[in-house]
Amino acid sequence: MTDIADYQAPYQPPVNRDALAELTPLLDALAGVAKRGEVPGPELLARVTQARPLLSGVAKLPNDGEPYSRSILRVDDEVEIMLARWRPGHGCAPHDHGGAGGFVIPIEGAFVERRFSWDGPQLVVTEQFTRPEGAPIRITAEDIHDMTAEARGLTLHFYSPPASSMRVFDLERAEALELVGNYGAWIPQGDHPRVPFTRIAPNTETQPVIWVAHTTHYRGGSAEFALAAATMARELAATHPDAEVIVSGLHHKADFLAELAGFANSGRTLSELHLISHAGMYGPMFGSTDWPEQFSPHEWREMAIPFAPGARAYFHACRTARWFAPFFADVFGVLAFGNYNYTTVSTRKDRFAWAGRHPMTRPSLYMIAAPGKKSHGLGGSVRKYLGCAAEPMVQSAPAATHIERSYDRVAELYDRAYTDIRVRADEWQWVADRAARARTTIGRPLRVLEIGCGNGALLRALDDNGVIDFGIGADISVGMLDRARERSRDRARLRFIKVNGPALDVPDDHVDVVISFLSFRYLDWDPVMAEIRRVLAPGGRLWVVDMVEHPARIRELRGLAQSAVAHLSARRVNPQFAKDLAALTTHPDWLEMLRHNPIRAEHEYRWYFGSRFPGAGLKTLTTSMSARVVAFDSGPLPKGRTAPLSYP
């Protein structure tokens, strides 16, 4: 067997770093091919051959004991490019690619490649090829293979999306190593967690499947997600020795659907789903900071997930217990678990323990929920770093009916407190001022649609001000609509309709203004936005007033004080309202409704409106220690549609 010293000479002298810049156009072209799931054609391969001296000069020598070197030329949200120089006659261990696909191009030397598949609990060779120079080797997310250099060797690797982890298979011990981080396809030195083949070999008949998935690139912390997923998988495999535990890194939301389709097509069902990610208004987030992606509620409802009887779903992400987990439980009929507060990585799972500045060097990481700056302000952050206990995940069971989640049970109490919406002085004044200005601008009374009209108090107040031609109130609660119709029976300009979902029984171009007053948090935002744009006449406006969660900041103390004074003053001026409001907000039915319909975080509204209506921001009307009321005016809108699921 030749030593690496025998082939150092042909690669000298080394090419300087300007070679990387010269290689950039070629790498860009090849990366585009990888992202499309293809392999390069003859023209690109000829360019690769021409670039061989540059590539050879960039590749570093392998370290002692390693079959090849790894020179990372590029890694971003969509592609990883790696150059490998091989020891003559040496090969890597059988390995997968962490859910990634792509291709490998032998630049110098021929390679023997073997492909493996499962035969019961054994990994066996099913195909063997000799791969000559310049012939691309296609890699799919399902492939397990190894390669051996016949003589000196140099290979160029493209993977899309980049693999955040991989399995390396030890055939002698019939064990797999779950590797996360900067590892090559060989058995590394030191102790690493191992999983017996018997736990991971496919068994489509009786073996339950536990799927641990994590997002790979959305916002900070994605690298830690891979390590947390590997930690979780080890512990689940230990506690469920009869289950197949599968770990998947997901870049786009399409990857989530592809994995589900793979389970369904193979006849496997999920006993547990664990998804580690960031979460926003619609639950888990995928994609990148340039183009975050989420499934809207209507997309979840159309999804097929092959759950086994008695299955459970766990969403290890911020605030998923507040809206998403209950929603998921109802849609899929399984127990769903989420976190009430924000999540963080920790070196312990029972309490917060900071992972330091280099968390990926830790052997284990856990996703836990804990108070913090975003959820509880500076005091919450202090409690967190003092080592507060991890908060248990909150369970949501499927509901047979949704009566307790609507306003029906509290309609009478709500109507008593908000007979006159002007008791909410700041919010009412914001709407009234805009309505008066819009009437003057248009030169006639306004045609208004209110989504989530409740007992109709806002439309009645606008009618009293003489600013509307007609008003349509839409709501899902029969109890609230009954009170709206009863209180408005002598008002010919007002009518009220029931909705069930985002569709609105209103003609195209029918209204000048759409208002959502303290109700936008309950809506399926993207589908209802399409309906709003449809019913608005050219130049129409959307006005939203809603309560959002946000801890008070020091610079907002003045506004906090003003809001507190105004609140106390309102209670003195209208003590009956204060009494009725207390009766509403302390009633068990109200508290149960809020449990399933919590307020959302302020940044969710800023993301949503900021991405869809550039230049139209939120205005803070009132504030408290943990929440505030914000208002949004879209300004005049041309006819058109608002693109769904685009976040800054």
Side-chain angles (χ1 to χ4, degrees), residues 211-215 218-219 221 225 228-229 232 256 270 272-286 294-297 300-301 305 307 311-346 349-352 366-377 380 383-384 388-400 402 404-406 521-525 547-551 588-605 607 626-627:
W211 185 28
V212 181
H214 62 91
T215 53
Y218 183 68
R219 297 183 69 187
F225 286 178
M232 185 179 295
F256 184 82
L270 303 180
E272 290 186 18
L273 162 62
H274 294 262
L275 182 54
I276 298 173
S277 69
H278 293 279
M281 62 193 76
Y282 291 147
M285 280 184 156
F286 303 84
Q294 290 185 273
F295 292 109
S296 262
W300 284 109
R301 292 189 185 100
I305 301 181
F307 280 121
R312 298 184 171 205
Y314 298 81
F315 298 97
H316 307 271
C318 302
R319 299 161 54 89
T320 45
R322 303 193 182 195
W323 177 83
F324 180 74
F327 163 80
F328 190 93
D330 285 346
V331 171
F332 294 100
V334 299
L335 287 176
F337 297 78
N339 296 303
Y340 191 81
N341 281 316
Y342 287 81
T343 52
T344 184
V345 294
S346 169
K349 60 182 177 181
D350 59 334
R351 63 176 178 83
F352 177 75
Y366 300 92
M367 293 294 298
I368 67 167
K373 189 174 181 180
K374 288 185 178 180
S375 54
H376 295 87
R383 287 165 52 202
K384 169 182 167 181
C388 66
E391 298 175 355
M393 298 189 82
V394 179
Q395 174 182 303
S396 295
H402 293 270
E404 76 281 0
R405 300 188 185 188
S406 78
R521 76 197 85 158
Y522 307 136
L523 305 179
D524 192 347
W525 288 358
M547 183 176 292
V548 299
E549 182 182 72
H550 195 292
D589 288 340
W590 174 264
L591 297 176
E592 179 66 11
M593 187 277 298
L594 284 185
R595 191 171 73 85
H596 295 288
N597 298 283
I599 65 175
R600 299 188 179 186
E602 182 187 44
H603 67 262
E604 295 176 340
Y605 287 70
W607 282 346
S626 60

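Everything numeric here is computed off the predicted structure, so don't read it as measured data. For the numbers below, each heavy atom of this structure counts, side chains included, while hydrogens, waters and symmetry mates do not.
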Query - Ring center gap for His278 and Phe225 short of 6.0 angstrom - result: yes

Query raised in the report: Which atom names give the shortest non-hydrogen contact between Ala329 and Ala397, and what distance separates them?
Result: CB-C, 4.0 Å

Query raised in the report: Counting N and O atoms only, with roles assigned by atom type, does the side chain of Thr343 sit under 3.5 Å from a partner on the main chain of Ile368, one being a donor and the other an acceptor?
Result: no

Requested in this report: Just do the side-chain contact (heavy atoms from CB on, under 4.5 Å) check on Met393 and Asn339 with the steps written out, would you?
Outcome: CA-CA 5 Å; Met393 298 189 82; Asn339 296 303; 3.5 Å; yes

Query raised in the report: How about Ser277 and Phe256: do any of their side-chain heavy atoms sit closer than 4.5 Å?
Result: no

Query - Closest approach of Ala321 to Pro326 (non-hydrogen atoms, all atoms of both residues) - result: O-CD, 3.5 Å

Query raised in the report: Do the side chain of Arg322 and the main chain of Tyr340 share a donor and acceptor less than 3.5 angstrom apart?
Result: yes

Query raised in the report: Would Tyr314 and Trp211 count as a close aromatic pair, with their ring centres under 6.0 Å?
Result: no

Report summary line: Exactly one candidate in Lys349, His214, His274 meets side chain to side chain contact (heavy atoms under 4.5 Å, CB included) with Met232; the answer is His274

Report task. Output, in order, the C-alpha distance, side-chain angles, deciding distance and verdict of side-chain contact (heavy atoms from CB on, under 4.5 Å) for Gln395 and Leu335. Result -> CA-CA 7 Å; Gln395 174 182 303; Leu335 287 176; 3.6 Å; yes

Query raised in the report: Got a sec, which residues hit ring-ring contact (aromatic ring centres under 6.0 Å, His included) with Phe332, two or more places apart in sequence or on another chain?
Result: Phe328

**Report entry** Lys/Arg N to Asp/Glu carboxylate O, Asp524 vs Arg301, below 4.0 Å
**Finding:** yes

Query raised in the report: Taking C-beta and beyond as the side chain, do Phe286 and Pro284 meet within less than 4.5 Å on heavy atoms?
Result: yes

Query raised in the report: Backbone N or O of Arg351 within a donor-acceptor pair of the Ser346 side chain at under 3.5 Å?
Result: yes

Report summary line: When rounded to the nearest 0.5 Å, the distance separating CH2 of Trp323 from OG of Ser396 is 12.0 Å

Report task. Please lay out, stage by stage, how Phe315 and Phe337 fare under the test side-chain contact (heavy atoms from CB on, under 4.5 Å). Result -> CA-CA 6 Å; Phe315 298 97; Phe337 297 78; over 6 Å; no

Report summary line: In this structure, CG of Leu275 is separated from OG1 of Thr215 (nearest 0.5 Å) by 6.5 Å

Report task. Could you pull out the closest heavy-atom pair between Ile276 and Ala228, with the gap in Å? Result -> CD1-C, 4.1 Å

Query raised in the report: Are any side-chain N or O atoms of Gln294 and backbone N or O atoms of Gly283, one a donor and one an acceptor, separated by less than 3.5 Å?
Result: yes

Query raised in the report: Hey, what do you get for CG (Asp330) to CH2 (Trp300), rounding to the nearest 0.5 Å?
Result: 14.5 Å

Query raised in the report: Are side-chain heavy atoms of Tyr366 and Phe352 found at a separation under 4.5 Å?
Result: no

Query - pair Arg312-Val334: side-chain heavy atoms closer than 4.5 Å - result: no

